[in-house]
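As the structure lists them, so they are numbered: ligands from 1, and atoms in each ligand from 1.
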Amino acid sequence: MDGNRLKGKVALVTGAGSGIGRAVAAVFAREGAAVGINYFRNEEGARETLRHIEISGAEGELLKADVSKPGDAESIVTQLKNRFGKIDILVNNSGIGSESTPDRVTEISLADWDRVMDVNLKGVMLTSKFVLPGMMERKQGTIINISSIRGLLGNPNLASYCASKGGVVLLTRETALDYAGFGIRVNCICPGFVNTEMFRGYIEKQEDPGLALKVFEEMSPLNRVGEPEEIAKAVLFFAGDASSFVTGTALPVDGGYTASGARSIL
Ligand code: NAD
């Protein structure tokens, strides 16, 4: 363990079988939290995350669910509470991009639009819906939603993704207001370009992936893409006492990308 910043806490991290979710689960475990590892299809990835947690000397629970399905979302909350008695921290990290190319209003299929909105936005609402009553009873808790710089700035060919992530920013602010009276804090993080499977898949789809990666690196003033652990460190800030007076915020963690108002050229 690195420290005791989350000692005795129980966290639920959605989409924790890969990328940012796995990094969050691992950082939480190193800080002493027990972690519920939600996954959907990637059981092998979730088991790998569990190994990271156990190496830290913490406990973890594998929780299979499609977060866009109410029954699934309710069931993983119940399972985690049955094992550890409570949930102190919820990280809504699961997310997908559209399978339609291009993801534009005139071209996207309704099925693709619905799927992106269901996972990226409805999923955040549903998991929160089932976790919040326990937090309200205990008059404490923190929720961290993973939006995107695409929830703050538009980007050509990302209609459903931008709309869903923009919704996450405003749902964060609205939820923060509704539950502040219970001592519950709700914040969101807007990652920039982060070196995960999702990002690498997007790069691979470009005509010249090598050039695309270079362009993405140069779009951030820090001149590189981020690593999942760098997002996880910001999530830890919101999860722990260091952010005790912070609620309803949307923090870009993007190497300075949004500071410049830069526009994607891909
Ligand atoms: P990722 O693909 O590794 O992680 C997404 C996770 O969500 C996967 O583990 C996947 O299995 C899970 N998931 C997908 N559908 C699900 C469902 N229906 N129910 C439960 N889980 C489901 O990619 P990542 O980059 O680690 O993405 C994590 C979050 O960060 C996403 O919300 C993504 O939109 C956001 N984000 C990523 C970047 C980036 O550059 N990588 C930038 C901004 C925002």
Side-chain angles (χ1 to χ4, degrees), residues 12-26 36-50 62-77 90-99 103 112 114-127 144-153 155 158 160-169 171-172 188-204 212-213 216-217 219-220 224-232 234-235 250-255 257-258 264 266:
L12 170 58
V13 183
T14 69
S18 60
I20 293 169
R22 173 180 293 157
V24 169
I37 305 160
N38 160 247
Y39 68 99
F40 178 31
R41 295 206 169 98
N42 184 5
E43 183 175 344
E44 202 181 310
R47 290 198 179 281
E48 180 60 25
T49 304
L50 182 60
L62 295 177
L63 301 165
K64 182 176 168 64
D66 175 347
V67 293
S68 70
K69 301 270 186 299
D72 280 25
E74 184 169 23
S75 142
I76 59 171
V77 170
L90 168 63
V91 182
N92 282 309
N93 165 75
S94 292
I96 57 170
S98 160
E99 283 171 13
D103 176 0
D112 275 344
D114 286 347
R115 188 69 195 138
V116 172
M117 298 302 281
D118 281 357
V119 175
N120 292 6
L121 184 54
K122 196 209 273 178
V124 172
M125 183 278 289
L126 280 175
T127 316
I144 302 105
N145 298 325
I146 306 298
S147 173
S148 167
I149 50 172
R150 297 304 169 217
L152 299 172
L153 300 172
N155 191 79
L158 283 182
S160 64
Y161 190 76
C162 285
S164 65
K165 292 298 189 177
V168 170
V169 171
L171 180 62
T172 299
C188 105
I189 288 176
C190 300
F193 313 119
V194 184
N195 183 19
T196 65
E197 233 167 82
M198 179 186 268
F199 175 74
R200 287 191 292 271
Y202 185 73
I203 290 288
E204 286 308 317
L213 179 59
F216 274 103
E217 287 169 347
M219 275 195 287
S220 296
R224 63 180 177 83
V225 298
E227 293 301 325
E229 292 69 26
E230 295 180 287
I231 308 302
V235 176
L251 176 71
V253 182
D254 65 352
Y257 177 82
T258 47
S264 166
L266 287 174

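D66 has no carboxylate O lying under 4.0 Å from a charged side-chain N of K122, or vice versa, which leaves the two without a salt bridge. Electrostatic pairing of E230 and R224 counts as a salt bridge here, judged by a charged N lying under 4.0 Å from a carboxylate O.
When all heavy atoms are compared, the tightest approach of V116 to S164 is CG1-OG, 3.8 Å. Residue V168 comes nearest to N120 through the heavy atom pair CG2-O, 3.3 Å, listed as atom of the first residue, atom of the second, then distance.
Near ligand 1, residues G15, S18, G19, I20, N38, F40, A65, D66, V67, N93, S94, G95, I96, R115, V119, I146, S147, S148, Y161, K165, P191, G192, F193, V194, T196, M198, F199 come within 4.0 angstrom through at least one heavy atom.
The salt bridge (Lys or Arg N to Asp or Glu O under 4.0 Å) search around D103 returns none, not counting sequence neighbours.
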Could you please spell out the steps behind the side-chain hydrogen bond (donor to acceptor under 3.5 Å, both in side chains) verdict for T172 and N145? CA-CA 7 Å; T172 299; N145 298 325; 3.0 Å; yes
